[in-house]
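Heavy atoms only: backbone and side chains are in, while hydrogens, waters and symmetry mates are out.
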Amino acid sequence: MAKKMIKIHNKSDKPNNIVQKENEIVEKCIELENALPSFMSDFFLYLKSGVALTTRFAYLQDIHFFCKYLVNEKKITQAMDTPDISLEEFAQLKARDINRFIGEFCTRYTVEKQDSITVMENHNRSLARKKSSLAVLFKYLYRDELITENITDGFNPIRLPKPQPDAIKRLEVDEVAILLDAVEKGEGLTEKELAYWEKTKRRDKAILLLFVTYGLRLKELQQLNISSFNFGRGDFKIYRKRGKEVSMPLNKSVEKVIKEYIEKERPDEAYILEENKDALFLSLQKTRMTERAIRELVKKYTSIALGTTKDHGYSPHKLRATAATSLIQYGFSIYDVQNLLDHDNVTTTQLYAAHKKNVKREIVNNFEWLDEYDKNNK
């Protein structure tokens, strides 16, 4: 049976491409819910109204993975498939069963396909997310009186490494200059890459400049439309986590490169399909660039700036870190940078502030009380 075309009837302020993307995630959520036991139906309703859409999807993935584990283990359930697990069987689960699942199974397991076996290994951050998903589920079932015991108190703690400033990867200011020079002149690119660069250099430059100026997340940049920009007012809209709409001011350099891309390089609207006409960044196939394509583009140019192979180039998130550290090094306060980057907690921004090297020495060297030392410094 052919899949029906989805049409967007949008009366919200969100652009159609974001509504469509959210609908795709909703469909995946419904598919997962249909693959889970029916006694969880009220929990699904709670997730729908209580958490962000991407969080809802992540929780459902983790819970479905756990239920598949129960079916395969056969120690607790006799169900042949995940929807067939009964509430009575689920109610028999103890904290030790969850601890065994996370501590023994999830740390390393294999996925078998017809012609290969893949070893999957999870670090503590992934294990903590799985634990969190199951804790939310079991707390809800206990609160809703579907199970008689809150077993989450017995879940083993998972220690997460404290983020270290020195572990944050980002480009230095001089490396950003090399990056922008590479996209401007094509330096460091192979002959094959140069052929593509001739057709996309203005687009690529606009993408990289947006990343290093605003510290945008990959998703935020990929969703940008032409209609997102109001050049007369000097700002543009982005949609952040939890669907939050934010207006960002345009600076002159970013405005210049985006206008140059739109006017001199972006394909004429007559050659673009209707669903892609508003997309800001287009591929050579005249469709909205995918997150994967943007990620590969960033890795390519950052590898030139770093003087390394493409495989060791940086991800867009490293350019977010680059924007944060650069702004702080130029003297902006961590609270200003927190606001620009949309960090929930200022402690995240403080990690980037720690990269301002020799800050104590700079302060005291420029704060001499005695005239003779002040003169020697000049």
Side-chain angles (χ1 to χ4, degrees), residues 17 170-229 231 234 236 238 248-273 276-323 326:
N17 60 297
R170 86 284 182 211
L171 296 179
E172 300 290 352
V173 173
D174 58 333
E175 290 169 336
V176 174
I178 297 169
L179 172 86
L180 297 176
D181 209 39
V183 73
E184 180 81 35
K185 300 174 183 175
E187 292 177 355
L189 297 173
T190 65
E191 282 189 30
K192 187 178 179 181
E193 288 170 338
L194 279 170
Y196 286 105
W197 170 80
E198 286 288 352
K199 301 172 186 175
T200 64
K201 56 186 174 184
R202 290 184 176 88
R203 180 201 71 184
D204 296 355
K205 185 178 180 181
I207 287 171
L208 294 172
L209 200 59
L210 277 164
F211 274 133
V212 297
T213 301
Y214 296 97
L216 296 182
R217 298 180 178 94
L218 174 57
K219 182 180 176 182
E220 293 166 355
L221 184 133
Q222 190 264 345
Q223 291 176 341
L224 284 173
N225 297 315
I226 291 178
S227 61
S228 304
F229 290 79
F231 293 111
F236 67 103
I238 58 172
M248 303 290 278
L250 267 172
N251 71 10
K252 296 297 180 186
S253 54
V254 171
E255 181 178 347
K256 180 174 177 277
V257 297
I258 289 174
K259 281 183 174 178
E260 283 181 355
Y261 160 62
I262 293 172
E263 293 165 7
K264 298 179 182 179
E265 189 178 270
R266 192 176 180 276
D268 189 278
E269 278 201 8
Y271 302 102
I272 305 170
L273 292 175
N276 295 304
K277 280 188 176 179
D278 195 29
L280 178 60
F281 296 120
L282 296 176
S283 67
L284 289 174
Q285 290 72 41
K286 301 178 183 65
T287 58
R288 183 185 294 275
M289 285 186 77
T290 62
E291 290 185 11
R292 181 179 178 180
I294 296 170
R295 191 181 291 109
E296 288 303 309
L297 181 154
V298 170
K299 285 187 76 172
K300 176 174 68 178
Y301 284 110
T302 54
S303 69
I304 295 170
L306 293 163
T308 185
T309 61
K310 189 177 172 183
D311 289 342
H312 291 88
Y314 282 169
S315 67
H317 199 75
K318 306 296 187 301
L319 293 189
R320 182 169 165 81
T322 299
S326 300

message: Once salt bridge (charged side-chain N to carboxylate O under 4.0 Å, His left out) is applied, do any residues pair with K185, and if so which ones, sequence neighbours excluded?
response: D181
message: Going by the rule side-chain hydrogen bond (donor to acceptor under 3.5 Å, both in side chains), which residues pair with E296 if we only count those two or more places apart in sequence or in a different chain?
response: none
- prompt: Using a distance-only test with no angle check, is there a side-chain donor-acceptor pair under 3.5 angstrom linking S283 and T287?
  reply: yes
message: If the condition is side-chain contact (heavy atoms from CB on, under 4.5 Å), which residues does A177 pass it with, not counting sequence neighbours?
response: none
field: Non-neighbouring partners of E184 that pass salt bridge (charged side-chain N to carboxylate O under 4.0 Å, His left out), sequence neighbours left out
entry: K205
field: With E255 via salt bridge (charged side-chain N to carboxylate O under 4.0 Å, His left out) - residues at least two apart
entry: K259
task: With sequence neighbours excluded, tell me which residues meet side-chain hydrogen bond (donor to acceptor under 3.5 Å, both in side chains) with R266.
output: none
field: Selection residues 177-208 - residue pairs positive for ring-ring contact (aromatic ring centres under 6.0 Å, His included), sequence neighbours left out
entry: none
- request: Output all residues satisfying side-chain hydrogen bond (donor to acceptor under 3.5 Å, both in side chains) with Y301, sequence neighbours left out; order by chain, then residue number.
  value: D204
- prompt: Who are the ring-ring contact (aromatic ring centres under 6.0 Å, His included) partners of F236, not counting sequence neighbours?
  reply: Y214, F229
task: For E291, check salt bridge (charged side-chain N to carboxylate O under 4.0 Å, His left out) against everything at least two apart and list the hits.
output: none
In a table with atom names and distances, give each donor-acceptor pair under 3.5 Å that connects a side chain of residues 303-310 to protein atoms at least two apart or in another chain.
{"from": "S303", "atom 1": "OG", "to": "K299", "atom 2": "O", "distance (Å)": "3.3"}
{"from": "S303", "atom 1": "OG", "to": "K300", "atom 2": "O", "distance (Å)": "2.6"}
{"from": "T309", "atom 1": "OG1", "to": "H312", "atom 2": "ND1", "distance (Å)": "2.8"}

field: Qualifying residues under side-chain hydrogen bond (donor to acceptor under 3.5 Å, both in side chains), relative to N276, sequence neighbours excluded
entry: none
